Asker: 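Can you keep this structure in mind? I'll have questions shortly.
Given the structure is predicted, the values throughout are model-derived calculations rather than measurements. In each ligand, atom 1 is the first atom listed, and ligand 1 is the first ligand listed.
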Amino acid sequence: MGCSVVSELLEGYDLDRLTIATLASHSSLQIAHGAKKEGFSTLLVVTEDRVGFYGQFKHLVDYFIVVRRWSDLCSREVVEELRSRNSVFVPHGSFVEYVGMDCATGLSVPIFGLRSLFPIEADQHAKMELLRSAEIPTPTTYSLDSEIDGLAIVKLPGAKGGRGYFIASSRQEIAERLRALVDRGLVSDVSKVIIQEYLVGVTAYFHYFYSPVLERLEITGADIRYESDVDSLRRIPIEKLKEIGVEPTFTVVGNIPVVLRESLLPAVYSYGEKFVNKTKEVLPPGVVGPFCLEGVVDRDANIKIFEFSGRIVAGTNLYVNGSPYTYLYWDEPMSVGRRIAREIRLAVEKNRLSSVIT
Ligand code: AMP
C-alpha cells in the first residue's frame, strides 16, 4: 500500500490515544498483554462463542467487539468502531484464514505489518519462490513428472497444519497415491500439490522481528512444533502403524521451546536478513515486525527453509515473559506481543507511524 493510502488510513486518528486491536485467537492474549505493558488501550474482536473464555482477561482487554462471524470484521459498523478508537490492527497467524483474503487485504484500518505479503503467504508456490529468490536454501521442489532423488513430502492443497501430507520415494508412488486421493474426492486439483524433497534432520522454527524504526533485525526466539503422529514414532515403530494402514500425519498439537546452539545463530540471522532485503525489494516497504522461517537442520548443521510465516507465529506464545534472545536485546521481559507495541510506541514518538503500517 502506498504512502498516500497509509495517510488516508490514519486520517482522523489521535496518535496519543492508539488502541492495539486483533482477533480473539492465536496469540491475541500475548498481543494484548504486551500492548498493556507499553501503555496502550487494547481491543479484541471476538465471536459470541468465545466471549466466556476471553471475558476472563478484562485486565488485559479494554474493549470487546462481539461479532457473529469473523468476516464481520470488515463490516461498516466494526470498522467504524475500530477507527473511532484509533485502532492499529495486528494480524496474527489465524487472521487471513478467519476473515478471508479480501477482508484481510482490504480492511480500512491501519495494519501493523505488510499486507501485500498475505496473498503470497496463501500461495505455496509463490511462497517458495520468494524464499528461493532471496537465496535462502530451500528443499528441491519436484514436479509431478520429475524423478525423485531420496524421499519426497507431498503437501496437498488445503491441507492445514500438516494433516494430509504424505511421504513417498518415487514418482510412480506419488502418482498412484494422488490418483487414489482424486478418486476418493479428497484432491480436486493435482496441479496445486507441492512435492518437496523430504529434509532429513530436526525441525526448528526461527522467530524474527524486523524494526523499520530502529532499522534492525532481531532474533526473538525459536520453537519446535509438536506434531502428531510423527513425533510419536519414538513410542511406536512405524512398521506397526503401517501394518494397520495408518500413515503418520504432521498435525500440529503444540509448540516446544528450543534454544539454538549459538554457532547456528549467525546463519539463522543471515537468512532473516536475506528475507528482509528481498521483501524490501519486491514488496516495498518490506516485511514489518514479526516473521518466522521454518526449517530443518541436518547433521552437518546445514539449514534449509521449507516454509515461512509473515506474521506473529503461535510458537511465540511460549515466551510471554520474554525469550532468552529478546532478553539479550532488551534486558527486560519482552514478548513478541510487547515488541510489536514497543515498535508502535517508538514509531509514534519519532513521528514515523506510517513506516510500520500498511
Ligand atoms: P508445513 O505445513 O509446511 O508447515 O509443514 C508441516 C510439517 O511437515 C512441518 O512442521 C514438518 O514437520 C514437516 N515438513 C514440511 N516440509 C518438510 C520438508 N521439506 N522436509 C521435512 N519435513 C517437512
Side-chain angles (χ1 to χ4, degrees), residues 26-27 92-94 96-97 117 120-132 136-144 146 148-171 173-174 177 186-187 192-208 221-235 238 241 246-258 260 268 271 275 290-318:
H26 191 269
S27 43
H92 51 49
S94 303
V96 177
E97 190 190 328
L117 203 50
I120 306 235
E121 274 192 76
D123 176 338
Q124 288 289 343
H125 291 283
K127 216 173 191 177
M128 294 312 295
E129 188 43 44
L130 183 67
L131 291 171
R132 276 193 294 270
I136 293 171
T138 54
T140 306
T141 300
Y142 297 110
S143 69
L144 283 167
S146 29
I148 306 296
D149 183 18
L151 285 179
I153 181 165
V154 182
K155 306 185 178 186
L156 305 183
K160 291 208 176 74
R163 185 186 280 274
Y165 291 2
F166 66 85
I167 294 172
S169 50
S170 72
R171 176 167 63 126
E173 185 187 350
I174 295 173
R177 297 193 55 176
L186 295 173
V187 173
K192 293 231 165 74
V193 169
I194 295 256
I195 308 170
Q196 252 175 21
E197 165 194 2
Y198 182 84
L199 300 166
V200 178
V202 291
T203 51
Y205 298 73
F206 312 114
H207 313 162
Y208 304 86
D223 77 293
I224 308 171
R225 301 238 174 102
Y226 197 35
E227 296 172 338
S228 194
D229 315 293
V230 279
D231 288 323
S232 72
L233 293 179
R234 69 195 84 173
R235 308 179 47 170
I238 191 159
L241 284 184
V246 172
E247 179 77 36
T249 69
F250 295 82
T251 309
V252 179
V253 173
N255 302 81
I256 304 172
V258 64
L260 298 165
V268 169
Y271 286 21
F275 187 80
F291 67 97
C292 176
L293 298 181
E294 312 184 352
V296 168
V297 188
D298 75 11
R299 61 177 71 181
D300 299 317
N302 297 311
I303 308 170
K304 285 191 180 168
I305 302 298
F306 59 84
E307 167 79 292
F308 75 82
S309 169
R311 283 162 278 155
I312 181 170
V313 285
T316 62
N317 284 335
L318 290 162

Asker: Side chain, backbone, both or neither: which applies to Y198 and ligand 1 if a contact is any heavy-atom pair less than 4.0 Å apart?
Answerer: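 It is both backbone and side chain that touch ligand 1.
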Asker: Under 3.5 Å, N or O to N or O, is P139 touching ligand 1 that way?
Answerer: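 Looking only at distances, the answer is no, because the N/O contact criterion of under 3.5 Å is not met.
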Asker: Does any N/O atom on T203 come nearer than 3.5 Å to any N/O atom on ligand 1?
Answerer: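 No - when backbone and side-chain N and O of T203 are compared with those of ligand 1, no distance drops under 3.5 Å.
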Asker: Between L199 and ligand 1, which residue portion shows a heavy-atom distance shorter than 4.0 Å: side chain, backbone, both, or neither?
Answerer: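 Both backbone and side chain of L199 come within 4.0 Å of ligand 1.
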Asker: By the definition side-chain hydrogen bond (donor to acceptor under 3.5 Å, both in side chains), identify the one residue from H125, R132, E197 that meets it with T141.
Answerer: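 Checked H125, R132, E197 against T141; only one passes side-chain hydrogen bond (donor to acceptor under 3.5 Å, both in side chains): R132.
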Asker: Go through the side-chain N and O atoms of K155 and Q196 and say whether any donor and acceptor fall under 3.5 Å apart.
Answerer: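 Side chains of K155 and Q196: pair found under 3.5 Å.
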Asker: Show the atoms of ligand 1 that are less than 4.0 angstrom away from any heavy atom in E197.
Answerer: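 Near E197, the atoms of ligand 1 are 18 (C), 19 (N), 20 (N).
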Asker: Would you indicate whether the side-chain heavy atoms of E121 and R311 approach each other to under 4.5 Å?
Answerer: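 In short, these two side chains touch, coming nearer than 4.5 Å.
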Asker: Given that the side chain starts at C-beta and the backbone is N, CA, C, O, which of these parts of F308 lies under 4.0 Å from ligand 1, counting heavy atoms, or is it both or neither?
Answerer: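 For F308, there is no contact with ligand 1 at all, from either part.
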Asker: Between the main-chain N or O of S232 and the side-chain N or O of D229, is there a donor-acceptor pair closer than 3.5 Å?
Answerer: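 Between the backbone of S232 and the side chain of D229 there is no qualifying donor-acceptor contact (under 3.5 Å).
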Asker: If we set the cut-off at 4.0 Å for heavy atoms, which region of E227 has an atom near ligand 1: side chain, backbone, both, or neither?
Answerer: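 The side chain, only.
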Asker: In ligand 1, which numbered atoms sit nearer than 4.0 Å to a non-hydrogen atom of E294?
Answerer: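 Going through ligand 1 atom by atom, the ones under 4.0 Å from E294 are 4 (O).
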Asker: Excluding sequence neighbours, so at least two apart, what forms ring pair (Phe, Tyr, Trp, His ring centres under 6.0 Å) with F291?
Answerer: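 Here the qualifying residues are Y208, F275.
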Asker: Hey, is the main chain of I303 close enough, under 3.5 Å, to the side chain of Y271 for a donor-acceptor pair?
Answerer: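 Looks like yes, one N/O pair under 3.5 Å.
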Asker: Under a 3.5 Å distance rule, please check whether E173 uses its side chain to pair with a backbone N or O of S169 as donor and acceptor.
Answerer: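 Yes; judged by distance alone, with no hydrogens or angles, the pair exists.
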Asker: Should K155 be listed as contacting ligand 1, given a heavy-atom distance under 4.0 Å as the test?
Answerer: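 It does; at least one heavy atom falls under 4.0 Å.
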